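See below for the structure under consideration.
By convention here, the first residue in the shown sequence is residue 1. Owing to the predicted nature of the structure, the values given are computational and were not obtained by experimental measurement. Atom set for the values below is all heavy atoms of this structure, side chains included, hydrogens, waters and symmetry mates excluded.
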Amino acid sequence: SDVISKIIRKEPEQYLSITEIEGLTYKKIIKELNYVFKHALIKDVIYDSILRKRRIQLHNSVGATIERLFKKNIKEFYGVLSYHFINSQNHDKALEYLKKASSKAVAEFKNQEALKYLESIINIMEKHFIREREELGKTYLEYGKIYSHIGDEENARRVFLKIAKQFKNFPIIRNEAFLGLANVLNNQSKIDESIALLNKIRRDMKDHGRKKGGRLILVKVNLLESWVLRIKGKMEKALESGFEVIRILNSAAADKKCEKEIVLDLLSSALNNIGAVYWNQGNTKKAIEYWENELRMGKKGNDKLIIARAGNNLGLVYYGLGDFSKSAELYSLSYSICEECGDKHGIGAATNNLGMIHYAKNDFKKAIEYYEISKRIALETGFMLGEARATGNIGWCYFQMGDYKKAGESFENTNVLFKTVGDKWSTGWSCTNLGLVQEKFKNYSKALTYFKEYLHISTELNNITGSGEA
């Protein structure tokens with residue numbers, strides 16, 4: 001009512017008490033909100049009865065009054081202010097508060113809110129700020145990244161393709177969009193297509209690498225390469241790409257050419273990827289070193305998603321060492337963070353890993369429940385590797401329960417999925433699983449064939465642990 005009194009220059013209580021008696025409004029104390037319409041239809045009828053010109057004036061007055069009255073806690077009113085300035089057709093003010101509201105929503109992991117604000121920013125910019133093409137392109141990029149973060153890869157793909165087409169005369173934005181697409185392809189386990197797109201970006205950036213933002217794109221290319229090359233079994237090249245990211249970022253940080261938050265995100269991702277390569281090679285000590293550095297970096301920067309990712313990785317290490325209590329603690333932490341942040345891919349990975357804890361406790365039925373949830377998330381997001389891992393783990397539950405037929409079927413499906421993706425390390429894992437099933441059926445020649453394939457893959461990947469197991 002403070003806002004209303006400033007606008008009409010009278011105390012509104014006498015009017016509002018009448019509307020309350022008439023049953024149009026009722027009192028409700030929520031911060032600065034004193035009265036609420038009893039029904040949305042009543043509000044709509046009254047609103048529509050006000051002349052359009054007067055509505056525009058009122059919205060502008062409300063917005064300006066909120067700015068004056070609530071300077072100290074203005075952050076709480078970003079969304080409300082954007083609404084009033086949009087409806088007052090004050091496009092500059094609307095854009096200002098929409099940007100602030102979207103940044104706040106992103107920081108608080110309110111992803112659906114952020115998407116709504118970004119969509120409004122795009123609509124306003126396309127209608128009223130057509131000359132600010134570069135800023136519009138950056139907004140579209142943020143829009144696509146949030147879709148990918150929440151696991152809506154098809155919408156992310158649609159947005160990134162649109163950017164690449166509409167902003168082809170802006171090489172940095174265009175290649176950022178291609179990077180977004182490469183990430184989508186990786187998330188959908190289309191590894192060869194992702195690598196092809198990364199090569200395309202690298203070729204294109206030869207002419208634009210020195211432009212502002214060009215160096216950062218090359219860092220991101222190396223970063224994603226270090227991940228996808230590991231999946232393809234090219235471990236040394238994956239390490240080279242990972243170490244190149246660290247070299248460039250350390251140089252950029254020293255020259256103060258890059259924001260701290262960007263360096264933190266990319267550097268921690270490089271540590272994650274390098275640790276994964278060492279883990280696949282059976283070098284547990286090195287994997288722990290890089291993943292613990294990643295965790296320290298996440299805690300120092302208070303970045304929840306980095307903490308969740310590193311926690312998931314270290315949970316895997318402790319699981320392998322037989323410390324299931326510590327592993328469960330880390331997996332649970334990762335799950336809770338990913339759920340809070342709306343990270344669908346992270347939720348899928350953490351759920352799969354929590355299933356492993358129940359497996360270790362010989363609670364195979366409960367483990368299967370978790371694996372099935374992880375598998376469903378993978379199917380929803382198109383993440384074939386996630387589907388394959390969950391299916392393989394379900395197979396191990398059936399194996400331990402003595403149902404070797406179902407175990408074999410699961411392992412067969414897993415093997416096909418891993419080979420389709422081109423994940424060599426995981427293909428080797430599925431081969432040894434199939435070998436163990438054939439051994440149970442006393443098909444020793446088939447078992448030997450699978451074990452030999454596992455040995456061949458492990459030797460090729462320099463996986464000492466795998467070679468020993470085979």
Below 4.5 Å, heavy atoms only, C-beta onward: do [X] and [Y] meet side chain to side chain?
{"X": "Phe383", "Y": "Gln188", "value": "no"}
{"X": "Ile274", "Y": "Ser226", "value": "no"}
{"X": "Leu264", "Y": "Lys300", "value": "no"}
{"X": "Phe85", "Y": "Ser88", "value": "yes"}

Among residues at least two apart in sequence or on other chains, which ones pass side chain to side chain donor-acceptor pair (under 3.5 Å) with Lys375?
none
Can you name the side chain to side chain donor-acceptor pair (under 3.5 Å) partners of Tyr454, sequence neighbours left out?
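Listed in chain order: Glu469.
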How far apart are the C-alpha atoms of Glu453 and Lys419, what are their side-chain angles, what is the distance that settles it, and do they pass the salt bridge (Lys or Arg N to Asp or Glu O under 4.0 Å) test?
CA-CA 13 Å; Glu453 189 175 351; Lys419 283 183 175 178; 3.6 Å; yes
Quick one: pull up [atom1] in [X] and [atom2] in [Y] and give me the separation to the nearest 0.5 Å.
{"X": "Leu185", "Y": "Leu198", "atom1": "CG", "atom2": "CG", "value": "9.0 Å"}
{"X": "Tyr143", "Y": "Leu136", "atom1": "OH", "atom2": "CG", "value": "12.0 Å"}
{"X": "Lys75", "Y": "Leu81", "atom1": "NZ", "atom2": "CG", "value": "14.0 Å"}
{"X": "Met205", "Y": "Leu216", "atom1": "CE", "atom2": "CG", "value": "9.5 Å"}
{"X": "Glu142", "Y": "His149", "atom1": "CD", "atom2": "NE2", "value": "10.5 Å"}
{"X": "Ser374", "Y": "Glu372", "atom1": "OG", "atom2": "CD", "value": "9.5 Å"}

More than 12 heavy atoms from other groups under 6.0 Å of CG on Asn73:
yes
Determine which pairs satisfy side chain to side chain donor-acceptor pair (under 3.5 Å) with at least one residue from residues 193-202, sequence neighbours left out, and list them in order.
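Found Arg202-Asn222, Arg202-Glu225.
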Qualifying residue, where the test is side-chain hydrogen bond (donor to acceptor under 3.5 Å, both in side chains) with Tyr140 and the options are Glu176, Lys145, Glu135, Lys162
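So the option named by the test is Lys162.
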Would you call [X] and [Y] a salt bridge, taking side-chain N to carboxylate O under 4.0 Å as the test?
{"X": "Lys232", "Y": "Asp192", "value": "yes"}
{"X": "Lys93", "Y": "Glu67", "value": "yes"}
{"X": "Glu369", "Y": "Lys366", "value": "yes"}
{"X": "Glu240", "Y": "Lys237", "value": "no"}
{"X": "Arg247", "Y": "Glu244", "value": "yes"}

Cut-off 3.5 Å, side chains only: do Asn280 and Asn463 have a donor facing an acceptor?
no
If you look at every heavy atom in Gly342 and Asn111, which pair is closest and at what distance?
CA-ND2, 3.8 Å
Shortest non-hydrogen contact from Ile56 toward Asn87:
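Scanning both residues completely, I find the closest heavy atoms to be CG1-O, 3.8 Å.
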With sequence neighbours left out, the residues meeting salt bridge (Lys or Arg N to Asp or Glu O under 4.0 Å) with Asp323 are none
Any residue meeting salt bridge (Lys or Arg N to Asp or Glu O under 4.0 Å) with Lys452, in chain and number order, not counting sequence neighbours
none
Does the plane of the ring in His59 sit parallel, tilted or perpendicular to the ring in His84? Use 30° and 60° as the thresholds.
tilted
For the residue pair Tyr97 and Tyr78, does the interplanar ring angle fall in the parallel (under 30°), tilted (30 to 60°) or perpendicular (over 60°) class?
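Tyr97 and Tyr78: tilted rings.
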For Leu461, the option from Lys234, Arg230, Met235 that meets side-chain contact (heavy atoms from CB on, under 4.5 Å)
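The option that passes is Met235.
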Checking side-chain contact (heavy atoms from CB on, under 4.5 Å) against Val221, which of Leu179, Val245, Asn175 comes through?
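Of the listed options, the one satisfying the test is Leu179.
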Centroid separation under 6.0 Å, is that true for the rings of Tyr370 and His358?
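They qualify: ring centres under 6.0 Å apart.
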In sequence, state the C-alpha distance, the side-chain angles, and the governing distance for Ser268 and Arg309, and then conclude on side chain to side chain donor-acceptor pair (under 3.5 Å).
CA-CA 10 Å; Ser268 64; Arg309 184 178 61 201; 3.1 Å; yes
Only distances under 3.5 Å count here; give the side-chain donor-acceptor pairs of residues 343-354 to other protein atoms, sequence neighbours excluded, each with its distance to 0.1 Å.
unit_1 : atom_1 : unit_2 : atom_2 : d
Asp343 : OD1    : His345 : N      : 3.4
Asp343 : OD1    : Gly346 : N      : 3.1
Lys344 : NZ     : Glu380 : OE1    : 2.9
His345 : NE2    : Glu153 : OE2    : 2.6
Thr351 : OG1    : Ile347 : O      : 2.6
Asn352 : OD1    : Asn393 : ND2    : 2.9
Asn353 : ND2    : Asn312 : OD1    : 2.7
Asn353 : ND2    : Ala349 : O      : 3.4

